[in-house]
Every structure is written in structure tokens, then in C-alpha cells.
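Read the structure below first, then the notes.
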Amino acid sequence: MGEECAEVVVNINHPDLNRIFHYRLPAGMGKPQPGTRVTVPFGSRLVEGWIVGYSEPEPGISLREIAGLGRPDFTKELLDLARWMAWYYLHPLAEILELMSPPDRPKRLVKCTSPEEKLSPQRPEDFDLTGEQQEALRRIEEALSNEKGERFLLYGVTGSGKTEVYLRATEFALALGRQVLYLVPEIALTPQIGALFQEAFGERVAVWHHRLARGEKYRLWEDVRKGAKGVVIGPRSAVFAPFCNLGLVIIDEEHDPSYKEQERPYYHARQVALMRSFLNKAVVVLGSATPSLESFTAAVRKRLQLLTISRRPPGRSLPRNTVVDMRLELNSGEPSIFSRYLQEQINLRLKRKEQVILFYNRRGYAPLVFCPGCGEVLKCRNCSISLVYHRQTGDLRCHYCNTRLPLPASCPSCGSNKRLCFLGTGIERVEQELSLLFPGARVLRLDYDTTRGKGSYSQILSLFAGKKADILLGTQMVTKGHDFPGVTLVGVLNADLSLNLPDYRSAERTFQILTQVAGRTGRGPQPGEVVVQTYHPEHYSIMAACRGDSNSFYREEAKRRRALEYPPYGELIRVRLSSRREEDVVVLASELAAELRRQLSGDQVAVLGPAPAPVLRVKGFYRWQILLKGKTLPLRSQIEACLAVYRKNNSVIISVEVDPFGY
DNA sequence: AGCACGCCGACT
DNA sequence: GTCGGCGTGCTC
């Protein structure tokens with residue numbers, strides 16, 4: 001006769017242990033709730049784990065008893081979320097639970113360190129929403145009252161006041177006694193939004209990010225769990241906050257690729273947030289001026305309700321767009337990274353004391369360094385990638401593994417001591433040329449390398465906001481949600497760079513970046529202008545972005561993705577194998593691919609590859625990959641079983657990425 | 001992952 | 001005789 005036993009997941013990361021073990025409860029004790037942390041005897045040692053449920057074990061296994069009970073780490077809802085993630089992302093449950101675990105209680109709980117709350121002035125409610133903003137807000141409020149967990153896509157052009165809608169929806173949710181999760185794409189953006197919300201809602205707002213001190217984290221988590229905090233603002237990981245009464249989830253800039261975790265377990269915070277709100281029947285608002293094709297399609301299919309804001313508030317017009325065909329520019333006069341038209345426009349702003357943002361998406365000074373003696377391009381010794389010359393630090397760097405080495409005096413390949421040549425243009429070279437062309441201009445550079453120091457990111461931005469500079473030259477970083485009313489010109493120096501990435505999303509990314517960066521201008525009383533330099537002026541994503549015609553972009557992009565059955569018209573899973581020995585990877589990859597073909601046979605899933613990864617070698621590891629395309633959702637367990645077998649080979653690491661970014 | 005068990009070489 | 005090398009196999 002069976003007996004109800006606790007199902008325990010042990011916190012050890014090994015493919016053989018990615019399952020449930022049954023344990024007896026100590027005598028004279030009720031059932032601890034699933035999600036409770038436990039210590040259990042495991043073989044000859046004690047290990048940590050969690051109770052995840054109760055059931056009757058198979059007959060014939062010798063049961064042992066739970067050795068120790070810990071705190072309840074997860075509510076049923078969070079546990080269900082973890083289970084869903086483990087299933088959907090083909091990832092060990094233990095590792096997901098570890099990721100979601102609440103912060104440890106610090107040894108010494110510091111007395112209240114929260115700075116004496118500056119009396120938060122109630123935000124003035126006196127300025128009017130536009131009709132479209134009002135309508136969006138009304139529908140969200142209605143949904144909050146209905147408590148049916150409705151989902152919205154707030155599709156509002158840049159500068160249309162989406163944040164104001166979020167603020168008022170939050171106010172409404174709080175008034176109903178519900179908690180609010182507000183996701184932002186990056187840590188860098190949390191302080192700004194956080195300050196705005198704290199001003200409106202004072203102490204009820206928790207600004208969460210991973211760099212908080214341990215005690216602070218612990219206290220915030222506890223406050224959220226008890227309901228003392230009504231709003232949690234933060235990046236990806238904030239999606240795991242222990243809400244007790246979640247009513248509204250806002251995903252700001254929902255298209256932003258930063259929501260996708262780039263390391264294990266490769267989850268997408270937007271997707272997790274959607275599942276979490278489903279489990280809570282919470283209302284979701286996905287907001288963007290350039291929705292992901294996934295969300296756009298979901299709106300077309302009525303899985304998201306569409307809320308549109310098509311106009312900026314009165315007096316704020318959308319910028320004028322000019323496309324410069326750099327091919328024609330090349331044929332006439334001396335070539336420069338700055339077209340003559342853009343130079344004229346920059347000069348005009350400088351004369352008028354207006355500000356300029358320039359976007360150039362390539363770090364360093366020169367992306368290629370080569371030897372004129374033998375023609376060899378200098379490569380990283382750990383990665384199959386060219387080294388980039390950084391002038392500021394005078395060294396060569398690998399942008400994949402971060403290796404740095406001094407610029408060699410002679411060619412490492414042929415020994416010639418002819419001077420090495422720099423090929424191509426990075427942002428440092430653009431900066432240099434900028435100072436030659438506009439000697440009087442004050443230029444700030446915003447990229448990965450100028451923002452290493454603590455606080456340097458916000459320092460650069462506040463210098464620019466305080467008009468201490470005329471030109472802000474930056475990489476991707478300048479495209480994200482900033483609001484500089486003094487900017488009347490945005491220049492995109494090379495719109496094509498993101499088009500050639502090995503990613504089926506490259507056209508979408510290009511469209512989004514161009515539209516977003518264009519949206520950084522004309523946010524003040526003066527109208528804005530955008531100048532886009534490109535060698536592909538006829539490309540659909542560049543044309544659509546420049547004309548502000550997003551519908552034609554989505555139509556074209558949807559057509560292409562559908563034809564190739566890429567997401568959202570098919571699911572994609574990338575299985576990556578890596579090892580220090582290339583032959584091991586090649587052999588195992590082809591065996592695994594053959595086995596997957598056998599297991600998943602049928603026309604539902606295509607097994608593509610194996611093929612070398614776009615960058616074959618990174619950090620000394622050779623990487624090959626297999627792509628699964630098609631209806632993979634019903635086949636998760638077959639895929640999992642198949643991988644488990646091949647993971648027994650311990651010289652080759654197998655990692656799985658569901659819905660990968662890039663190939 | 002860890003840890004025990006097991007089956008062969010050189011050592012106080 | 002036994003100490004210890006790390007291959008193999010198991011963990012409710």
C-alpha cells in the first residue's frame with residue numbers, strides 16, 4: 001500500500017538528477033507547502049532541495065526521510081511559473097528554482113537605511129491626456145476592474161506619452177489594492193523611471209536591480225511579499241518578485257532584445273511575464289513604438305488588444321526624415337563617413353546652439369588590423385574573430401572574449417616589422433573625424449568603453465542633458481528611451497551595420513533601431529530632423545523606418561518570416577555543442593542530429609544541421625549547432641530525452657536555447 | 001555533482 | 001601485504 005510522499009527536486013546541476021525524488025516526511029508533521037526548502041539525505045551525503053509536490057512513489061524504492069525543513073521559498077504560483085519555464089525552456093527545474101530563489105537573509109539586518117522619505121509631492125494631474133491616451137487608459141482601467149487578465153499592446157509612436165499612461169494605470173491598480181510589475185529593458189533605465197514613479201507613489205515603489213546590497217534586496221523582497229510595496233520596477237529579474245497580489249504588468253519597450261537573457265537559462269522576460277500574469281489573471285500592457293513582430297502578430301490575431309497612439313501631444317511633431325544614399329556620395333568628391341548633407345545639417349545646429357545625436361554602431365577605432373607584409377588579419381587566439389584596435393587604450397581587443405593585448409611591434413604571423421594597417425571605421429575614429437570637421441563642437445562619446453566606470457553612464461547623459469555638449473556620439477546606447485528636448489538633429493551614420501548580422505531578426509532590429517533613434521529628436525518645441533546614411537536606401541526596413549510607415553514594414557517582414565517559417569510563424573530551438581576539441585564536437589553533433597531526426601521524424605519539425613556556429617570558436621571552445629524548426633511544443637519531452645543521452649559525453653557541452661536571438 | 005566501490009601498480 | 005590511482009555507477 002502506497003503512502004503520500006514529498007516530491008523533492010535536489011539542487012544539483014546534473015542531467016541524471018533532473019527529476020523528482022520521493023521522501024518521507026518526519027513523523028508528527030503536517031505537509032509543508034510545495035516550494036519549501038529542504039535538506040535531504042542523498043546517497044551518502046546531505047543535499048539541499050525543494051519540495052515541489054506530493055505523490056505516491058513507484059513501489060520498490062527504499063524511501064528515506066527529509067532531514068531538515070527550511071523556509072518556504074516559493075508560493076504555488078511561483079512554483080508553477082518555474083515548472084512552466086523548465087518545460088518551455090528545456091531547462092533543469094533545480095536551476096530555475098535557484099535563479100528564482102529569494103535573496104538570503106543577511107547575517108546582520110541593518111536598521112532602516114531607507115533615506116528619510118522626502119515628502120513626495122503629489123504629481124500634478126492638471127495636464128491633459130490626448131484623446132488617444134485617454135482611450136488607452138480607459139480600456140486598461142476597465143480591464144483592471146474586470147479582473148479577467150486581459151492583455152494589451154500599447155502601440156504608440158515615440159514621444160507619444162506612453163509613460164503617462166503607465167503612471168495613471170499604475171495609480172488605478174494601486175487604488176484597487178493590486179500590485180504592479182513594471183519591467184524595463186536595462187538596469188541603466190531603472191533610476192529614471194524609478195524616480196518618476198517614486199515621485200508619484202512614494203514609498204510604495206520598489207526599484208529592484210541585481211546590484212543592490214544584500215540586505216537591501218532581502219528587505220525589498222520581504223516588503224513585496226507582505227504587500228508593503230505596491231510597485232516593483234526593474235529589469236528582467238524583477239519578473240520573479242514575490243508578489244502576493246499582482247494585478248498589473250507593464251512591459252516597457254517590449255521589443256527590446258535586452259529582455260532576452262543571454263546566458264543560461266536563456267529565458268525571455270516578456271514571455272515569462274506573460275505567463276506570470278496568466279497565472280495571476282493580471283492585466284498586461286506591452287508598450288512600444290516599434291513592437292516585436294511577435295507582439296504585433298499577436299495583436300493581429302487578437303491575442304493582444306491593440307491600443308494605438310498615433311500622434312505626439314499637440315505642438316510636438318514627428319521628425320522630418322532624409323535618406324542619404326552613400327553610394328552616390330562615394331562617387332562624388334572625397335569620401336567621408338559624414339555626407340555633405342549631414343555636415344551641413346550639423347553645422348546648422350551648431351550655429352543655432354541646438355543639440356545633435358549621432359549613432360554609429362561599432363566599438364573601437366578600427367575593426368580590422370592587418371599586416372602589409374603578408375596580408376594576414378590579426379585574429380584572437382581563443383576565438384575565430386578579428387581583433388579590434390582601440391586607440392584610447394592603445395591595445396587590441398577581442399569583442400567576444402574580452403582578451404586584450406598590446407599592439408605588436410611586428411607582425412605575429414610573418415615577423416615583418418612593417419607598420420600594421422588599420423582597416424575600417426569604429427566609433428573612436430568617427431569621434432576623431434568629428435573633431436577635425438567641427439573643431440569647435442563639444443562632443444561626448446557614449447559606448448561600452450566610456451561607460452565602464454561607476455556612474456559614468458548617467459554622468460555622460462546628464463552632461464548632455466545640461467547642454468554641456470553639442471554632440472552625443474554613441475552606439476546602441478543612444479537609441480534607448482532618452483528624452484533630450486534640446487536635440488533637433490539625429491544622424492545615423494551607417495544604417496546598414498545591423499542589417500548584416502547573422503540573425504533572422506536583423507531587418508526587424510534595423511527598423512526598430514532606426515525608428516527609436518529617430519524618436520530621440522523633436523521632443524522639445526523645435527521640430528526635429530533625422531538624417532539616415534545608407535548604402536541600401538531601397539531596403540524595406542530602412543525605407544519603412546525613414547517614412548515612418550511601420551505598417552508596410554510589418555506586412556513585408558511578416559511575409560518573409562512566414563515564408564521561412566521563422567518565429568512567430570514557427571518555433572525555433574537552437575542546440576549548441578561546444579568543446580575544446582573540434583573533432584569531438586563534429587562527431588557528437590552529427591550523431592545527435594541523426595538521433596533527433598529519428599526521434600522527431602514527421603513533417604512537424606525540421607532538424608537543420610549540424611553546422612558550425614556563425615563564430616566557430618569562442619574562448620577556446622569550438623561550437624557547432626543544430627536548429628529545430630517547427631512545432632516543437634508537443635515534442636519537448638522527446639527532445640529532452642534525446643539530449644539527456646548525449647549529455648553523458650562529458651567532453652562536449654550541450655546547451656539549448658529556445659527562441660534564440662541570432663542563429 | 002559528489003561519493004563509494006572496485007580493481008590493479010609501487011611502497012613504508 | 002596495503003596505500004592510492006581514477007574508471008563506473010548510483011543517488012528516493
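Lettering follows sequence order; numbering is per chain, from 1.
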Starting at NZ of Lys480(A), measure out to CG of Leu189(A) and round the result to the nearest 0.5 Å. 7.5 Å
What residues 20-41 of chain A contributes to the DNA chain C interface at heavy-atom separation below 4.0 Å is Phe21(A), His22(A), Tyr23(A), Pro41(A)
Measure the distance from OH on Tyr54(A) to C1' on dC12(C) and round it to the nearest whole Å. 15 Å
What is the separation between atom NZ on Lys648(A) and atom P on dG9(C), rounded to the nearest whole Å? 11 Å
Between C1' of dG9(C) and CZ of Arg45(A), the distance in whole Å: 14 Å
Do other residues, nucleotides or ligands put more than 12 heavy atoms under 6.0 Å from Tyr646(A) OH? yes
Flag this pair as yes if the NZ/CZ of Arg505(A) is under 6.0 angstrom from the six-membered ring centre of Phe661(A) and inside a 45 degree cone about the axis; otherwise no. yes
Within residues 620-636 of chain A or reaching into it, pairs that qualify as salt bridge (charged side-chain N to carboxylate O under 4.0 Å, His left out) - sequence neighbours excluded: none
What does Leu63(A) touch in the nucleic acid at a heavy-atom separation under 4.0 angstrom: a base, only the sugar-phosphate, or nothing? sugar-phosphate
Residue pairs passing the side-chain hydrogen bond (donor to acceptor under 3.5 Å, both in side chains) test with at least one member in residues 28-38 of chain A, sequence neighbours excluded, are Glu4(A)-Lys31(A), Arg37(A)-Glu48(A), Arg37(A)-Asp73(A)
What's the CD-C1' distance between Glu58(A) and dC12(C), to the nearest Å? 12 Å
From Arg404(A) CZ over to Cys380(A) SG, what is the distance, rounded to the nearest 0.5 angstrom? 13.5 Å
When the distance from CG of Asp16(A) to C1' of dG9(C) is rounded to whole Å, what number comes out? 10 Å
Find the distance Arg647(A):CZ to dA1(B):P and express it as a whole number of Å. 12 Å
Round to a whole Å and report the spacing from CD1 of Ile12(A) to C1' of dC12(C). 12 Å
Just how far, in rounded Å, is P of dG2(B) from CG of Asn13(A)? 10 Å
